[in-house]
Amino acid sequence: MNSMDSSLKVEIGSYNSGNIPPLMHEIRHALRNLLDNDETTTIDLRGLPMAPGEQQQLLDILGKGEVSVQLDALGKSEITESSYAGVWLIIHYNNNKEVMGKFIEITRMPAILKTRTADMEESLAALQVKLEEV
Amino acid sequence: MNHDKPLGQALREQGVSRRGFLKFCATTASLMALPPSMVPAIAKALESARRPSVIWLSFQECTGCTESLTRSHAPTLEGLIFDNISLDYHHTLQAASGDAAEAAREAAMEENKGKYLLVVDGSIPLGNPGYSTIAGISNLEMLKEVAEHAAAIIAVGTCAAYGGLPHAKPNPTGAVSVEEIIKDKPIVNVPGCPPIPVVITGVLAHFLTFGKLPELDHLRRPLAFYGNNIHDRCYRRPFYDKGLFANTFDDEGARKGWCLFKLGCKGPVTYNACATIKWNDGTSFPIEAGHGCLGCSEPNFWDMGGFYNALSESTMDLSRTAAVGIAVGAAAGAASGLLNRRKKSKAEAAHETVTVKDLQREEKS
Amino acid sequence: MNSAEFLLWVRGPGLNIAMVIFIIGMLIRLLEIFMLGRKQNLAELRGNGISAGLRTIFTRSTPADKNSMRRSMFTFVAGYGFHIGLFVVIFLLMPHIQLIQSLLGFGWPALPTPVVDLFTVIALISLMALLWRRLTHPVVRYLSTPQDYLVWAATFLPLLTGYMSYHHLWFPYSWLLGMHILSVEFLLILFPFTKLTHAFTLFISRWYTGMMAGEKGVAS
């Protein structure tokens, strides 16, 4: 049994596709661009070939910052600012808690958090109705 | 089913908020492998998109493609996409059966003439129409009938796209792909055995969003998903470049996750999105699980010379050919050599010695 | 015909046809040479022919003296660059070794792919330089026959298509790989019937020259 255990040992974490450094550079450039030109960048993590464990490595490097928001629309979404201000991690889940999308957004405030004008207009009307009821 | 309501309005009536819609658009962009910068354009297009009618025909297939699609439990994003197309005929999934099912198909065809989307999985047998029929109608006849007024055709799975398993040697049913029969309609091939579910929905989403089919490669596959080969996007690629290979499935190289080329991986000639999108909601893909790529999204993958033979090896028994060559060559060479020897000894035998007499005779004349 | 069908053909029937023609052709060539026979040497041997033959195989690989080397420096460098490059590419690239192993049942370790890539570039540049010289040097140009250009192209194409496949240049990889294998098949078929046979006969004739000289007790 013991010999079998050792023969089945798989070394995890030794993979390195070399994709993390260029990605970190991309984030740095995006942050520079945000500062200089006020331009937002979004990176879709699904389109990048990652070795097992590499995505976790990347998230560990980015770390957790002060802000953590949970959104409840079409399933949960987790939006957290990394330890680097302006670098946000956005994970969209569906109602079954399956990951639907993973993005890194370099922005002052992720677009999905901002309240939409149309929503505010509808709210205004709704408030009006509520006040009239009262 | 109401096909006239724009998608944005329909979603809001289902209680999807504007943030939810934006999330939907962001994940749809990701699904279509479009850059996140396209999200506003997608949002705008989806807001006014209309639900297309879809007729799904299953021919010589194993239902694996439908399984692949439906295994991602509703209401996922895939589910949402499906909620927003009108799947009017799919004989595995629909409640109606028999005459009622066929009536639904005919009604959908009539109602959406020239606008409906035809999805096909499975190959079409040409050998004998009786090999595969639905409601007594042969596959060939049904395909031609439904294709005639379709806006476009999506061939899902390698069978519909390139003939697939039924087409493998010796192809007993004379199976062919959709594009070998239908020549006058836009066709998208979404091969794979099965295709990655989000790739199927991605193509549908593209049609839903933009009202047209995505950009295709020379085998009519959407470039967004089939633009790169597995090998180039594989996280084990650095091992290939370093010359580190697994020689068996249980040696040191296999345990360290080295390149599987020698074990028959067809990644270098296989165009698919497995290495990036991966399977089971992005968990893993065959190479990550330690097995080489079979090349299932390529034509004739079943006949590519053995799943466990390296790509650079011959698809036939080259050693036997070489042995035959050596035998024939040795015999022919020996025969030719002997012939040359005979010629030489004949020439030697015919050689006449020049005598002093001969020389004197020459002098005289 | 799509790329998959093309690849299937070149890896299967194409490769087998080329291999049979190559093996049969080369065996006929070589056996004809070996079976020519020689008259019995009645003279007393003045040295060991075998060791002299072996020595000559190697000594002929280096220039005879500094002067002739200086005069033919270009041919020397380009010729060696091309031949060494070709050797490395054919015998030390892993997919090639894998093919040989499937044929012979044994293989050997490969070089890292970027190293082989470097040798490919060396071989390609050398070949182009040699063609340029063939076209511009009046004497070499006069001596060149159509076969020389044919053989040059047959050698250049596998290297070029191999390089293009590895770097995914201009065409889809499946087509490039198919073209690469097809070009090798073309080379294999031409091999027995052109001066490409020198890859085999070169060493036989060096051996023969060395042995003859050795038995006579003179340097070759």
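Reminder, nothing fancy here: chain letters follow the sequence lines and each chain counts from 1. Hydrogens, waters and symmetry mates play no part in the numbers below; they use all other heavy atoms, side chains included.
- Across B:L22 and A:I112, no two heavy atoms sit closer than the pair CD2-CA, 3.7 Å.
- Only the side chain of A:F103 comes within less than 4.5 Å of a heavy atom in chain B; its backbone stays farther off.
- With respect to chain B, the highest number of heavy-atom pairs below 4.5 Å among A:G101, A:A111, A:S77 belongs to A:S77.
- B:K23 contributes a side-chain N or O that, together with a main-chain N or O of A:A73, makes up a donor-acceptor pair within less than 3.5 Å.
- Of the two parts of A:L113, only the backbone, made up of N, CA, C and O, holds a non-hydrogen atom closer than 4.5 Å to a non-hydrogen atom of chain B.
- With chain B as the partner, the residue from A:R116, A:E105, A:K102 showing the most heavy-atom pairs under 4.5 Å is A:R116.
- Of the inter-residue distances, the one linking B:R19 atom CZ with A:D72 atom CG reads 11.5 Å to the nearest 0.5 angstrom.
- Surrounding CD of B:E215 are at most 12 heavy atoms belonging to other residues, nucleotides or ligands under 6.0 Å away.
- Heavy-atom distances place no part of A:T41 under 4.5 Å from chain B, backbone and side chain included.
- Contact of A:K114 with chain B is made through the backbone alone, with heavy-atom distances under 4.5 Å.
- Proximity to chain B (any heavy atom under 4.5 Å) is restricted, for A:E122, to the side chain, taken from C-beta onward.
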